[in-house]
Amino acid sequence: MKPRQRKQYFRNMKRSDDSEREKRRKRRRLIQELGEQRIPYLSPADPGFQELWDSSYAGLALRQSSALPDGLHERVQSALRTLQRRGCLLRDLVRVRDRDVFTAVSRALVGQPGYTYRYLDTRLFTIPWHCEGEEGQKDEKDKPCCDSDLRDACKALWELNQFFCSDVKQQTNARGVKRSRSDTENSEDTPGEGMCEESVKDRLLEEKQEEEEEEEEEEEDSGQGCSHSSPPSSALPPDVAGLVQFNITLINYMDPIAMTQLKEEPYYGMGKMAVGWHHDENLVPLSPVAVYSYSCPAEPKNEGVTEKDREGQSKEKEKQKETKTEGEGTSKEELKKEEGEGLEKEEVQKEKACWRVGLKVAWDIHTPGLALPLQSGDCYYMTDDLNRTHQHCVLAGDTARFSSTHRVVQCCTGTLDYIQKRSSEALENLHTDPEKNTKSLKSLLPSTLQHIEDIHNEVEFEWLRQYWFQGRRFARFCSWWTKPMEQMEKDWKEMEQMTQLLLAVVEDENTAQENRREMADILLNALSDRQQHRQTWRDSVPHRKLHSSVCLQTYRS
Ligand SMILES: O=C(O)CCC(=O)C(=O)O
Ligand SMILES: [Fe+2]
């Protein structure tokens, strides 16, 4: 295991409960002291919105639904509904601030066969998408891994992905030209700068944000950091061939009627959040993200409730209006003023009925935030270094909504291909005597032994355990991962044997004293690391069991 990975594995455990408690206490105090203060944010109806976008959010591009061919909308929307109907979308159990929490949105990962995406300590496994003309990905028995319904759905998402690959590139090029022209014409004034006066409260706010971001950044730093000495091809800039190569899409779905516990956006007062402030993790540096947004009526079971609720709400509003205008002793001016305020409120209400993406500059409380409403079928792109320098959140509207978020994931340690190669590297050190049917270790070189134990941990914690709890949930409708993961479990069992063999060597008094000590050190380190990490998994097993309703195989641990 690379030192960095090791650090990541045990990061959570090293933090003492005390410091966690202290942090929580501090956060609560800051929120209290902040009171009602909010940082301004702009929406399209606000003056200065476009200027703010151009100056502080230039990496963001909106593609209205009309930019996509009609047929594509139909196929993609039907695909998203299929994923939902087939039960492929599930709330993820992720780790935030040392706690296991469910995401408010339900998700599925679709993408290149054999790819995974790791976020917030959870590794998702792709449902493979299918390219044009291809019969579909086959599993090991040469059978299609999904039925035709799902195959078509994944194909539509692949088609959308193709569209994004070329369109993002064009958009970026076009904007680049526009920007380099305007750079020479415009001054560098940032509208809105100084809008928020410095005060003690600002300072507190800043501290609060920094603290939260620190945690988010830390998450971002986790996972598949590619620290290989020579960069693998996947770490190269994403558009070396002149084309952006999105390799996966993370699908999101949420029906706000069914989710009553949504958090309020805390800094700007933007409204209820379906996804809190974050940077997207584990992407190739500077690669873009393309998002398709589809707001739709809620699923049939919820539809009645939704309609009824809305009807009720608007009747209530009407009633309130009536009583007010009829109110005696109200002067004309007062009426006008109230009407004006009412309009303003209604605008805000209308705006909040729509799903929006929120953006803010990271580490900054002076630049106003940006809230961009998304009509059904609209897309937006986050390009250049927007994802690094800014954070985004998703603000829930009134209807249910899907999004398909296309990314270029850092895949140097995240593909099946990669981990299979690592496994074989480790197993090369196992020698089987065909006659006596006994096994032994070929090399006892400390660096080799260390390398093998690292792989052993990686296979167990980054893949097998993740798969049993997260990936296996879709085995009932897609068999792509079933066989390779069974094989991986077999490999892992051999690695367990190798650890036993090493233990025997260390315990054998005939082994040279000097080597024995060194080997014992390596073994002890590896085993205590493994032990700690298994404990962490054991601690979160009850939640994960509930979540996946998958009975864990009697898994040795
Ligand atoms: O749904 C969206 O618009 C974006 C979702 C998002 O930020 C994410 O999945 O990381
Ligand atoms: Fe995101």
Side-chain angles (χ1 to χ4, degrees), residues 57 59-65 76-77 80 83-84 89-92 94 96 101-111 117-124 126 157 160-161 164 168 212-213 216-217 219-220 222-223 246-256 259 262-263 265 270-284 287-296 354-360 362 369-383 385-397 399-410:
Y57 297 89
L60 173 73
L62 174 70
R63 287 295 266 159
Q64 281 171 328
S65 61
V76 167
Q77 295 183 5
L80 294 169
L83 291 178
Q84 163 71 356
L89 303 169
L90 294 161
R91 295 170 67 189
D92 285 329
V94 295
V96 179
V101 290
F102 286 110
T103 54
V105 289
S106 306
R107 301 188 138 141
L109 188 71
V110 177
Y117 180 49
R118 195 186 197 286
Y119 84 105
L120 300 176
D121 282 355
T122 291
R123 181 181 300 282
L124 300 180
T126 50
L157 292 165
L160 175 65
N161 197 66
F164 280 148
V168 164
E212 300 228 325
E213 281 173 14
E216 284 158 6
E217 309 263 35
E219 300 296 355
E220 189 191 25
S222 68
F246 294 116
N247 44 26
I248 56 116
T249 172
L250 182 58
I251 312 286
N252 296 312
Y253 171 79
M254 203 196 84
D255 174 5
M259 293 295 305
L262 294 181
K263 261 203 201 157
E265 191 291 306
M270 287 175 171
K272 300 261 187 239
M273 298 189 295
V275 182
W277 290 112
H278 66 285
H279 302 272
D280 287 348
E281 293 182 79
N282 286 325
L283 306 184
V284 167
S287 64
V289 176
V291 180
Y292 182 87
S293 185
Y294 166 40
S295 334
C296 62
C354 194
W355 280 80
R356 293 164 298 153
V357 58
L359 283 117
K360 75 182 186 65
L370 197 81
L372 180 65
L374 298 163
Q375 305 303 326
S376 189
D378 282 354
C379 304
Y380 66 91
Y381 302 151
M382 295 190 283
T383 65
D385 60 352
L386 190 81
N387 181 50
R388 189 180 58 79
T389 54
H390 295 60
Q391 288 168 307
H392 58 283
C393 70
V394 181
L395 301 154
T399 62
R401 181 232 191 204
F402 293 91
S403 69
S404 178
T405 67
H406 299 243
R407 307 158 195 240
V408 189
V409 299
Q410 191 91 264

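Heads up: numbering here begins at 1 and tracks the sequence. As the structure lists them, so they are numbered: ligands from 1, and atoms in each ligand from 1.
Residues Y117 and R107 bring no donor and acceptor atom of their side chains to less than 3.5 Å of each other.
When the salt bridge (charged side-chain N to carboxylate O under 4.0 Å, His left out) test is applied to R407, the partners found at least two apart in sequence or on another chain are D280. Here Y381 pairs with F164 under the ring-ring contact (aromatic ring centres under 6.0 Å, His included) rule; sequence neighbours left out.
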Given side-chain contact (heavy atoms from CB on, under 4.5 Å), test V408 with N247 step by step and report yes or no.
CA-CA 5 Å; V408 189; N247 44 26; 4.3 Å; yes

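Atoms CH2 and NE2, from W277 and H390 in turn, are 10.0 Å apart once rounded to the nearest 0.5 Å. Interatomic distance, NE2 of H392 versus CG of L359, reported as 7.5 Å (0.5 Å rounding).
Only one option out of S403, S293, S106 pairs with N252 in a side chain to side chain donor-acceptor pair (under 3.5 Å); it is S403.
For a heavy-atom separation below 4.0 Å, the residues in contact with ligand 1 are R107, N252, H278, D280, V291, Y380, H392, V394, R401, S403, T405, R407.
The minimum heavy-atom distance between C296 and F402, with the atom names listed, is SG-CE1, 3.7 Å.
Formation of a donor-acceptor pair under 3.5 Å by the H279 side chain with backbone atoms of N387 is found in this model.
Within the protein, the number of N, O or S atoms lying under 2.8 Å from the Fe ion (ligand 2) is 3.
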